[in-house]
Amino acid sequence: STIKGLTVYGSVYGKASASGIAAVNYGTIEDCASYVTVNAVGFRAAGIAAFDTGTIKGCSNYGDIGSKATPYAYIGGISGYSDGGSILDCSNYGKISGGGNQIGGIAGDTDNNGAIANCRNCGEIVGTGNGYYVGGIVGVGTSWSITGCTNSGKVSGYQAVGGISGGNGIISCCSNS
């Protein structure tokens with residue numbers, strides 16, 4: 001299935017898998033914008049899709065995203081956890097924060113040979129408490145490529161903190177300022 005050209009406003013509060021547009025994406029989300037403030041008590045929170053195995057392209061998040069989950073939070077401006085999906089030409093402008101692990105401007109955690117390309121983060125990324133794997137683009141990436149991405153947002157956390165990635169990932173042609 002495809003979601004295209006959607007703009008959403010408001011707030012979402014949920015136990016887990018809370019998101020501005022879709023809790024779960026198995027298809028394509030394209031050219032969408034979220035101005036939604038998202039707060040999750042549990043894991044996986046995002047502006048566009050909390051859990052993603054499909055394609056997210058040309059989307060932007062402007063809302064603040066947060067979770068109280070520990071130890072694993074999976075919080076991202078675009079996707080909280082992306083499992084083999086692709087995130088292309090997306091941007092985050094919202095503040096992303098949480099006390100757990102895996103917090104990123106674009107995706108909190110990425111797995112299984114997916115790709116993030118030509119994305120940018122301008123929002124502040126904050127790992128509070130003892131959380132680790134905090135990154136401007138990706139909190140942590142396993143077997144993922146991160147290409148042509150930029151981060152200009154402030155990134156802070158307890159441990160494993162990076163301008164592009166808090167840990168792992170195959171990174172090329174990216175910049176942090």
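Atom set for the values below is all heavy atoms of this structure, side chains included, hydrogens, waters and symmetry mates excluded. Treat the numbers as computed from the prediction; the structure is a model and nothing was measured.
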Check: Could you give the distance from CD (Glu124) to OG (Ser152), rounded to the nearest 0.5 Å?
Finding: 12.0 Å

Note to self: Please find the pair of heavy atoms, one from Asp52 and one from Ser79, that lie closest to each other, and give the distance.
What the structure shows: CB-OG, 3.6 Å

Check: Say you draw a straight line from CG of Asn39 to NZ of Lys68; how long is it, rounded to the nearest 0.5 Å?
Finding: 7.5 Å

Check: At their closest point, which heavy atom of Tyr62 faces which heavy atom of Ala33, and how far apart are they?
Finding: CE1-CB, 4.3 Å

Next item on the list: Report the distance from atom OG1 of Thr53 to atom CG of Asp111, rounding to the nearest 0.5 Å.
Entry: 12.5 Å

Check: Atom OG of Ser34 and atom CD1 of Ile65: how far apart are they, to the nearest 0.5 Å?
Finding: 6.0 Å

Next item on the list: Quick one: closest heavy-atom pair of Thr110 and Ile116, and the distance?
Entry: CG2-CD1, 4.0 Å

Check: Taking Thr128 for the side chain and Gly98 for the main chain, is one N or O donor matched with an acceptor at less than 3.5 Å?
Finding: yes

Enumerate donor-acceptor pairs with a distance under 3.5 Å from any side-chain N or O in residues 169-177 to protein atoms, sequence neighbours excluded.
residue	atom	partner	partner atom	Å
Asn176	OD1	Asn151	ND2	2.7

Item checked: Nearest-0.5 Å distance that lies between atom CD1 in Ile146 and atom OG in Ser165 -> 4.5 Å

Can you give the donor-acceptor pairs under 3.5 Å from side chains of residues 2-13 to other protein atoms, not counting sequence neighbours?
none

Note to self: Test of understanding: with side chain to side chain donor-acceptor pair (under 3.5 Å), list the residues that count as partners of Ser67, not counting sequence neighbours.
What the structure shows: none

Next item on the list: Quick one: which residue pairs count as a ring-ring contact (aromatic ring centres under 6.0 Å, His included) with a foot in residues 102-149, not counting sequence neighbours?
Entry: none

Checklist line | Hydrophobic cluster (4.5 angstrom, side-chain heavy atoms) - remaining members for Phe43 | finding: Val24, Tyr26, Phe51, Tyr72, Tyr74, Tyr81

Checklist line | Pairs flagged by side-chain hydrogen bond (donor to acceptor under 3.5 Å, both in side chains) wherever residues 83-101 is involved - sequence neighbours left out | finding: Asn61-Asn92, Asp83-Asn112, Ser91-Arg120, Asn92-Asn121, Tyr93-Arg120

Check: If every non-hydrogen atom of Ala40 is compared with every non-hydrogen atom of Ala45, which pair is closest and at what distance?
Finding: CB-CB, 4.0 Å

Checklist line | Same apolar cluster: Ile125 and Val161, side chain cutoff 4.5 Å | finding: yes

Next item on the list: Starting at CD1 of Ile56, measure out to SG of Cys119 and round the result to the nearest 0.5 Å.
Entry: 9.5 Å

Checklist line | Among Ile21, Ile106, Ile29, side-chain contact (heavy atoms from CB on, under 4.5 Å) partner for Ile78 | finding: Ile106

Item checked: Member of Asn168, Val138, Val140 meeting the side-chain contact (heavy atoms from CB on, under 4.5 Å) criterion with Asp109 -> Val140

